K.L.:
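One structure, pasted below without further comment.
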Amino acid sequence: MVEAGPGSLITCNPGEVHDGMPIGDSRAWKMLYLAPGFVEAVVADIREGATASFEFTHPVIEQQTHARAFELVYETVTGRCADAERAQERLILLLAGMLHKKPPSLPSASALARAKARIDDDPSASITLAALAREAGLSRFQVVRGFSKLTGLTPHAYIVQRRLDAARAMIANGDALADAAVACGFADQSHFNRMFVQRYGVTPGTYAEAMR
């Protein structure tokens with residue numbers, strides 16, 4: 001029997017029978033169901049192939065860092081512009097924190113430089129985390145963690161930043177907003193607009209007007 005309140009994470013392993021009742025008049029949950037095969041693959045990455053076996057041993061997790069990591073995953077998976085690559089990065093970081101494992105040493109700078117060069121060569125291309133890992137000869141977890149230390153951004157965030165820089169240059173050169181969005185790898189105009197505002201503080205249209 002366990003008790004969980006607002007901000008708590010509750011975990012359950014595949015095949016476990018579980019039930020619950022609200023404390024007070026009501027309760028509300030945000031839930032993610034993770035495929036066991038995916039979890040095993042991520043755990044094998046984090047543990048550098050030592051073992052993929054993993055189960056949650058503490059049903060209730062109170063650490064705020066884990067709760068925030070869960071919120072980021074949930075927002076990415078359920079948001080208007082769900083992004084599989086961004087969700088994968090955040091899931092890897094969430095599970096890494098839950099493993100209570102001492103972080104391994106960072107991979108070599110040259111390996112991470114190869115991954116960064118892959119993005120810099122063509123940021124508009126569809127580049128997966130798995131492809132970057134192969135390019136660097138590292139696991140996905142090593143790429144996410146090492147890239148964040150090297151650049152201050154996860155691989156996905158770095159790709160978006162480079163795409164926005166390229167789109168801004170096109171707009172400043174007089175290209176149409178829709179053309180800039182498509183050429184720089186954005187899935188749709190609304191996603192491009194939100195990312196542009198988030199990065200530069202103005203809409204693409206406002207920026208285009210200022211450049212005329």
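All values below were derived from every heavy atom in this structure, side-chain atoms included, with hydrogens, water molecules and symmetry-related copies excluded. This is a predicted model, so every value here is computed, not measured.
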K.L.:
Residues two or more places apart in sequence or in another chain: which of them pass side-chain contact (heavy atoms from CB on, under 4.5 Å) with Ala178?
P.N.:
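Testing Ala178 for side-chain contact (heavy atoms from CB on, under 4.5 Å), a comparison that skips the adjacent residues, returns Gln189.
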K.L.:
Following the transitive rule for hydrophobic clusters with a side-chain heavy-atom cut-off under 4.5 Å over Ile, Leu, Val, Met, Phe, Trp and Tyr, establish whether Tyr33 and Trp29 coincide in one cluster.
P.N.:
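Yes, it is one cluster - the side chains of Tyr33 and Trp29 are joined through contacts under 4.5 Å.
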K.L.:
Nearest heavy-atom pair of Leu150 and Lys116: which atoms, and what distance?
P.N.:
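So the two residues come closest at CD2-CD, 4.4 Å.
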K.L.:
Do you reckon Leu72 sits in the same ILVMFWY cluster as Leu94, going by side-chain contacts under 4.5 Å, direct or chained?
P.N.:
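No.
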K.L.:
When clusters are formed from ILVMFWY side-chain contacts under 4.5 Å, directly or step by step, what else is grouped with Met211?
P.N.:
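Once heavy-atom contacts under 4.5 Å are chained together, Met211 belongs with Val160, Leu164, Ile171, Leu177, Phe186, Phe192, Met195, Phe196, Tyr200, Val202, Tyr207.
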K.L.:
Identify, with sequence neighbours excluded, every residue that meets salt bridge (Lys or Arg N to Asp or Glu O under 4.0 Å) alongside Arg68.
P.N.:
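Result, salt bridge (Lys or Arg N to Asp or Glu O under 4.0 Å) vs Arg68: Glu75.
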K.L.:
For Glu16, what residues pass the salt bridge (Lys or Arg N to Asp or Glu O under 4.0 Å) criterion, not counting sequence neighbours?
P.N.:
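Salt bridge (Lys or Arg N to Asp or Glu O under 4.0 Å) list for Glu16, sorted by chain: empty.
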K.L.:
If you group Ile, Leu, Val, Met, Phe, Trp and Tyr whenever their side-chain heavy atoms sit less than 4.5 Å apart, what else falls in with Met1?
P.N.:
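Joined to Met1, directly or through intermediates: none.
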K.L.:
For Thr57, give me all partners under side-chain contact (heavy atoms from CB on, under 4.5 Å), at least two apart in sequence or on another chain.
P.N.:
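Applying side-chain contact (heavy atoms from CB on, under 4.5 Å) to Thr57 gives Glu55.
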K.L.:
Could you check whether any side-chain N or O of Asp45 sits under 3.5 Å from a backbone N or O of Arg140, counting only pairs where one atom can act as donor and the other as acceptor?
P.N.:
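Between the backbone of Arg140 and the side chain of Asp45 there is a qualifying donor-acceptor contact (under 3.5 Å).
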K.L.:
By side-chain contact (heavy atoms from CB on, under 4.5 Å), which residues pair with Ala157, not counting sequence neighbours?
P.N.:
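If we apply the side-chain contact (heavy atoms from CB on, under 4.5 Å) test to Ala157, skipping adjacent residues, the hits are Leu153, Thr154.
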K.L.:
Nearest heavy-atom pair of Met170 and Cys184: which atoms, and what distance?
P.N.:
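In terms of heavy atoms, the two residues are closest at SD-SG, 3.8 Å.
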K.L.:
Checking Arg199 now: which residues fulfil side chain to side chain donor-acceptor pair (under 3.5 Å) with it, not counting sequence neighbours?
P.N.:
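Only Asp165 meet the side chain to side chain donor-acceptor pair (under 3.5 Å) criterion with Arg199.
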K.L.:
Could you pull out all residues at least two apart from Phe56 that satisfy ring-ring contact (aromatic ring centres under 6.0 Å, His included)?
P.N.:
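Checked Phe56 against ring-ring contact (aromatic ring centres under 6.0 Å, His included); matches are Phe54.
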K.L.:
Quick one: salt bridge (Lys or Arg N to Asp or Glu O under 4.0 Å) partners of Glu85, sequence neighbours excluded?
P.N.:
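With sequence neighbours excluded, Glu85 shows a salt bridge (Lys or Arg N to Asp or Glu O under 4.0 Å) to no residue whatsoever.
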K.L.:
Arg168: what forms a salt bridge (Lys or Arg N to Asp or Glu O under 4.0 Å) with it, not counting sequence neighbours?
P.N.:
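Expected list: none.
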K.L.:
Quick one: list whatever passes side-chain contact (heavy atoms from CB on, under 4.5 Å) with Ala4, sequence neighbours left out.
P.N.:
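For Ala4 the side-chain contact (heavy atoms from CB on, under 4.5 Å) partners, ignoring immediate neighbours, are Ser8, Ile10, Val60.
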